[in-house]
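Keep in mind that what you see is a predicted model, and the values were worked out from it rather than measured.
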Amino acid sequence: MNVVSSVILIASLLSAILMLVSFWLPLLNPDYDKLSPYECGFDPIGTARLPFSLRFFLVAILFLLFDLEIALLLPLPWADQMINPTTTFLWTASVLALLTLGLAYEWLQGGLEWAE
């Protein structure tokens, strides 16, 4: 048996075992709390026209911004092998400085406060 066919066989067997286990492990009689919808801490029963907190959106956007920082800094180990690593360092330092200044600005403006 060659390597490719054995890897495919092991992957398919492992997938089948995990699928079978996932059908057997969950509880068969979930209670009321597990069946009720839950969205962002708001009570799902009532009107849909309630005012929504703008602070929630601000914190979500800030989370996405600083989460995308990881995607911008991910190629650093490969970019460090370039001919001139000083350029890589300068670009990285500028991105991190810009993000740090943005975080300091939001912090000073009170955008990270949960309660007033």
Self-check item: Heavy-atom side-chain proximity of Leu103 to Leu62 below 4.5 angstrom
Solution: no

Practice problem: Look up atom CG in Leu13 and atom OG in Ser6, then write down how far apart they are to the nearest 0.5 Å. | Solution: 11.5 Å

Practice problem: First locate atom CD1 of Ile8, then atom CG of Asn2, and finally report the distance between them rounded to the nearest 0.5 Å. | Solution: 8.5 Å

Quiz item: Any chain of hydrophobic side-chain contacts (each under 4.5 Å) joining Leu65 to Trp107?
Solution: yes

Quiz item: Roughly how far, to the nearest 0.5 Å, is CD of Glu69 from OG1 of Thr100?
Solution: 7.5 Å

Quiz item: Applying the side chain to side chain contact (heavy atoms under 4.5 Å, CB included) test to Thr92, which of Leu90, Leu96, Val95 qualifies?
Solution: Leu96

Self-check item: Non-hydrogen side-chain atoms of Val7 and Val4 separated by less than 4.5 Å
Solution: no

Practice problem: Can you measure from CD (Glu106) to CG (Leu101) and round to the nearest 0.5 angstrom? | Solution: 12.5 Å

